[in-house]
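Notes follow once the structure below has been shown.
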Amino acid sequence: MSTIQAIRGMNDILPSECSWWQQCEQVFRELAQSYAYQEIRLPLMEYTSLFLHAIGEVTDIVEKEMYTFRDKNDESITLRPEGTASCVRAGIQHGLLYNQVQRWWYHGPMFRYERPQKGRYRQFHQFGVEVFGCAGPVIDAELILFSRRLWQRLGITPYLNLQINSLGTLEARNQYKETLVEYLQQHYAQLDEDSKNRLAKNPLRILDSKNPQMQTIIQNAPKLTEHLDAESAEEFAQLCAILDRLEVSYTVNPYLVRGLDYYGKTVFEWVSDHLGAQGTVCAGGRYDSLVQAHGGKDTPAVGFAIGQERLVLLLQQTEQEKISNTPQVFVIIASPDATAYALQMTERLREQCPSIALMVNCHAGSLKSQFKRADKSGAEIALIIGEEEMHSNTISIKHLREQQAQQRVSFEALCAQLKG
Ligand code: ATP
Ligand code: MG
């Protein structure tokens with residue numbers, strides 16, 4: 001019988017890798033706190049209609065990537081492919097979006113039925129931020145600064161480039177679409193199959209094509225930036241001015257259109273050339289029309305999402321620091337009769353020195369084999385607790401990485417040493 005394997009494209013994150021994951025989770029949490037964003041936790045599944053409506057029927061996600069099934073009540077259910085739609089749903093459902101500002105963040109798994117490859121999986125994780133009730137470029141700038149600070153804290157600023165664009169208002173975009181379609185129709189014979197399909201349904205997406213054969217046509221196409229409405233152009237100029245003032249480097253990429261239908265005005269991506277084909281680590285933008293489209297009041301909104309797998313890959317490839325999960329202190333129980341005393345002392349140490357990782361040898365073994373385990377564990381210090389220690393109310397301490405004689409000390413002296 002063949003052994004059971006995980007589902008294709010769904011990864012185990014093993015203990016040896018988890019410290020990278022924890023590193024970005026910890027830093028992201030701290031930053032969300034320092035920018036005054038509140039966490040929201042959302043279900044992993046929603047009614048399919050939410051995503052059809054929110055993401056748009058002519059998008060990669062809805063056309064081919066959704067994990068959709070019927071539940072026992074014959075309802076169509078979908079595993080969430082992203083977090084924005086659920087935030088909007090929750091905001092409207094609980095009456096949190098009307099006449100107030102919400103600054104939310106979330107973190108968790110997302111599901112898309114894609115062809116698994118490096119940086120692209122069927123279960124993956126996103127950090128996301130969504131702000132409701134704030135129009136204008138200042139909040140757009142804040143989100144960019146938030147993400148930039150995240151890269152700084154993680155040590156990966158040199159490996160990420162910011163690209164920005166403005167998609168204009170819906171009306172301006174619709175006008176531009178006509179100009180674009182006219183141009184593309186003149187070059188119909190040179191379009192690839194994908195682009196021919198998109199021409200009628202979602203022509204803007206053609207600009208997003210990665211096909212080398214399409215690049216000349218795309219580069220010669222009329223540019224959205226040259227067809228912006230006055231308001232969007234003004235806000236985009238303000239955003240650029242803020243970024244200049246704060247010395248955030250960026251490139252204006254007129255081909256940046258983003259995959260989802262709901263974006264308008266500012267869009268941005270942080271892209272790395274250290275990740276191969278899947279270079280976008282963070283993507284975001286404004287979606288001022290989405291809340292109203294879901295039955296809410298007219299509410300400006302903006303957000304971004306970071307792919308954690310790609311972030312971790314970048315941390316690993318550029319050899320950044322990670323959280324250490326090795327024990328710092330290894331406790332050797334030198335005699336079975338001293339077991340309870342050893343556990344009691346270790347508990348007291350955990351109370352006194354809560355930030356120190358203490359590993360107790362919980363399965364028997366000779367003193368020699370326990371010292372071997374202590375050495376292998378990576379710990380700096382071994383504590384040896386046997387009958388003699390128990391009777392004298394002491395603990396023996398041995399530095400594993402330095403030449404120093406073993407010492408027997410009181411609990412208080414040990415605490416002082418560990419704290420030092
Ligand atoms: P792509 O062009 O790479 O397919 P997308 O436009 O579909 O990206 P978004 O929906 O904007 O991506 O998601 C935001 C981020 O989430 C992406 O920039 C990426 O870092 C990450 N991401 C998206 N899909 C996947 C996936 N299948 N596996 C891993 N990470 C992903
Ligand atoms: Mg995609």
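Please read all numbers here as calculations on a predicted model, not as lab measurements. Atoms within each ligand, like the ligands themselves, are counted from 1 in listed order.
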Filtering G284, G307, G119 for the heavy atom nearest atom 29 (C) of ligand 1 leaves G119
Once you restrict to heavy atoms under 4.0 Å, what part of V281 touches ligand 1? Side chain, backbone, both or neither.
backbone
Before giving the answer on salt bridge (Lys or Arg N to Asp or Glu O under 4.0 Å), spell out for D74 and K72 the whole-Å C-alpha distance, their side-chain angles and the decisive distance to 0.1 Å.
CA-CA 5 Å; D74 206 31; K72 289 187 179 167; over 6 Å; no
Mind checking whether C415 and L349 have side chains closer than 4.5 Å, heavy atoms only?
yes
Between the candidates R122, R120, K118, which shows the shortest non-hydrogen contact distance to atom 1 (P) of ligand 1?
R120
Can you list the ligand 1 atoms lying under 4.0 Å from a non-hydrogen atom of A283?
11 (O)
Examine the proximity of ligand 1 to E309 and report which part, side chain or backbone, both or neither, has a heavy atom under 4.0 Å away.
neither
Do Q126 and ligand 1 have an N or O pair less than 3.5 Å apart?
yes
Salt bridge E75-R70, side-chain N to carboxylate O under 4.0 Å
no
Can you give the donor-acceptor pairs under 3.5 Å from side chains of residues 182-194 to other protein atoms, not counting sequence neighbours?
residue : atom : partner : partner atom : Å
Y183    : OH   : I217    : O            : 2.6
H187    : ND1  : Y183    : O            : 3.0
D192    : OD1  : S195    : N            : 2.9
D192    : OD1  : S195    : OG           : 2.5
D192    : OD2  : N211    : ND2          : 2.8

Please verify whether a non-hydrogen atom of Q278 lies at under 4.0 Å from ligand 1.
no
Using a 4.0 Å cutoff against the non-hydrogen atoms of E114, which atoms of ligand 1 qualify?
24 (N), 25 (C), 26 (C), 27 (N)
Looking only at side-chain N and O atoms, does Y176 offer a donor or acceptor that is under 3.5 Å from a partner on E226?
no
What atoms in ligand 1 come closer than 4.0 Å to a heavy atom of R112?
5 (P), 7 (O), 9 (P), 10 (O), 12 (O), 13 (O), 23 (C), 24 (N)
Could you walk me through whether I306 and Q126 pass the side-chain contact (heavy atoms from CB on, under 4.5 Å) check?
CA-CA 5 Å; I306 296 170; Q126 282 184 339; over 6 Å; no
Pair F28 + F146: ring centers closer than 6.0 Å:
yes
